[in-house]
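So the structure is just underneath, and the comments pick up after that.
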Number of protein chains: 2
Amino acid sequence: MGSGTHPADAAGDPAAASETGPLRWDIIELLFFAYRDFVGDADHVLEAFGFGRAHHRVIHFVHRYPGLTVADLLEVLRITKQSLGRVLKQLLDEEYIVQRAGDQDRRQRLLFATAKGEALVAKLAGLQTDRITRALRGFDRSETEAVGRFLRAMIDRDDPDKVLEQLLDHNRSVAED
Amino acid sequence: MGSGTHPADAAGDPAAASETGPLRWDIIELLFFAYRDFVGDADHVLEAFGFGRAHHRVIHFVHRYPGLTVADLLEVLRITKQSLGRVLKQLLDEEYIVQRAGDQDRRQRLLFATAKGEALVAKLAGLQTDRITRALRGFDRSETEAVGRFLRAMIDRDDPDKVLEQLLDHNRSVAED
DNA sequence: CTAGATACGTCAATATGGCTGACATAAAAT
DNA sequence: ATTTTATGTCAGCCATATTGACGTATCTAG
């Protein structure tokens with residue numbers, strides 16, 4: 001209990017400072033509520049399709065990074081093959097995703113979203129985009145850019161997987177608008 | 001499928017625009033990764049205590065809003081009484097939280113974090129604060145403020161519960177530093 | 001060519017954390 | 001006195017995660 005780098009501050013004092021600065025209760029809680037409502041948008045739609053968040057994550061990344069292998073997906077989602085298996089099988093059966101054997105390595109299953117899959121992803125991304133656009137309304141260029149920079153800086157950089165690397169590279173090269 | 005306000009953009013074109021603007025794939029994915037790593041900080045510690053994320057959420061809000069009732073907590077966390085019951089019982093049994101009957105309404109169980117509970121919350125918040133502080137390093141006042149404004153604007157404002165109202169009010173009155 | 005490593009699929013068992021429905025108790029409100 | 005409210009609890013279901021084991025196809029190294 002005493003091993004933390006942040007000694008407990010006096011109870012009820014949100015601004016109690018330590019050598020490393022005050023605890024950021026504000027941002028911690030804002031992240032909780034913001035993410036809760038952010039994923040909530042998609043949840044309602046997914047329910048109507050008989051899917052859950054797990055399905056969303058899979059179809060999202062498959063759509064965004066076509067030709068993703070099963071192994072890639074496991075790294076990005078940080079789940080086990082068994083967990084992915086169940087969800088992926090449903091998406092394959094219902095034809096939101098198709099597989100193709102790898103060209104160089106025919107053991108690999110390259111994953112692609114079908115038109116049906118793309119439509120679902122776009123619908124979900126649309127809802128989330130609406131929320132983001134609303135939230136950024138009135139932000140000038142430097143403020144918008146700060147938000148992106150903050151989110152990128154919140155992500156662990158040690159052992160980035162293939163997808164994360166692409167995302168971070170892409171973000172660096174494209175100015176936000 | 002065709003009911004979305006956002007027609008599917010051409011596959012692979014992240015900047016395809018519709019009347020409502022381009023889909024914000026960048027922010028959508030950054031939020032996913034940022035939140036994943038943000039909660040990941042706490043997960044490792046929690047595991048050592050035999051707790052999960054559910055316990056963290058409960059002890060966190062009880063600590064931050066002392067005297068919170070069970071009903072309040074249900075609203076904030078948006079879970080059922082049965083789900084909360086299991087987790088709350090553990091935290092009570094292991095003395096991370098204590099209850100007290102309400103003063104006006106003795107049916108209510110007002111919840112308070114014990115010193116043990118506070119220490120755990122502070123430890124977890126410390127890890128998350130480190131990440132946030134690192135992410136905001138080099139941000140000037142207006143950039144930091146923009147991040148907070150963005151997160152607040154991402155949150156649903158219809159029927160805010162007691163805790164959320166406090167958080168949003170507090171944030172409005174206190175300049176970020 | 002054979003041996004081993006790798007990519008993937010799958011079976012079985014288990015845990016966590018959600019859910020619904022039903023019912024009980026104490027205390028407040030009418 | 002009755003009803004409503006705040007809470008607790010029992011029983012069972014579901015989604016999603018886990019570990020461990022094993023099978024098969026295919027690539028790679030010797």
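Protein chains get the first letters and strands the later ones, always in sequence-line order, with residue 1 at the start of each. This is a predicted model, so every value here is computed, not measured.
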#### Entry: Under the ring-ring contact (aromatic ring centres under 6.0 Å, His included) test, residues paired with B:H60 that sit two or more places apart
A:W25
### Query
Would B:F112 end up clustered with B:L92 when hydrophobic side chains under 4.5 Å apart are linked, directly or stepwise?
no
### Message
Rounded to whole Å, please give me the gap between NZ in B:K89 and C1' in D:dC10.
### Response
13 Å
Check nucleotides 27-30 of chain C for protein N or O atoms closer than 3.5 Å to its own N or O atoms and list the pairs.
unit_1: C:dA27; atom_1: OP1; unit_2: B:R106; atom_2: NH2; d: 3.4
unit_1: C:dA28; atom_1: OP1; unit_2: B:R106; atom_2: N; d: 3.1

### Task
Grab the CG-C1' distance between A:L111 and C:dG9 for me, whole Å please.
13 Å
### Query
Going by atom types alone, do B:T69 and B:D72 pair a side-chain donor with an acceptor below 3.5 Å?
yes
### Message
Tell me the interatomic distance from B:L46, atom CG, to D:dT18, atom P, rounded to whole angstroms.
### Response
16 Å
### Under 4.0 angstrom between B:Q108 side-chain N/O and D:dT5 OP1 or OP2
no
### Task
Determine the sole option in A:F33, A:F38, A:Y35, A:F32 for which the ring pair (Phe, Tyr, Trp, His ring centres under 6.0 Å) test with B:Y35 is passed.
A:Y35
### Query
With a non-hydrogen cut-off below 4.0 angstrom, is A:E47 in contact with a base, only sugar-phosphate, or nothing?
nothing
### Task
Step through the shown structure and confirm whether more than 12 heavy atoms of other residues, nucleotides or ligands are within 6.0 Å of CD on B:Q99.
yes
### Task
Report the distance from atom CZ of B:R100 to atom C1' of D:dA6, rounded to the nearest whole Å.
17 Å
### Query
Rounded to the nearest Å, what distance is computed from the CD atom of residue A:Q99 to the P atom of nucleotide D:dT26?
14 Å
### Message
Could you tell me how far apart B:L110 (CG) and D:dG8 (P) are, to the nearest whole angstrom?
### Response
11 Å
### Query
Residues two or more places apart in sequence or in another chain: which of them pass side chain to side chain contact (heavy atoms under 4.5 Å, CB included) with B:A42?
B:L46, B:H56, B:L124, B:Q128
### Query
Of all residues at least two apart in sequence or in a different chain, which pass the side-chain hydrogen bond (donor to acceptor under 3.5 Å, both in side chains) check with B:R109?
none
### Query
Does A:E95 CD have over 12 foreign heavy atoms under 6.0 Å away?
no
### Residues which pass side-chain hydrogen bond (donor to acceptor under 3.5 Å, both in side chains) with B:D161, listed by chain and number, not counting sequence neighbours
none
### Task
Determine, for nucleotides 15-25 of chain C in 5'-to-3' order, which nucleotides have protein heavy atoms under 4.0 Å from the base (write B), from only the sugar-phosphate (write S), or from neither (write -).
--BBBBBB---
### Message
Rounded to whole Å, please give me the gap between CG in A:L92 and C1' in C:dG9.
### Response
12 Å
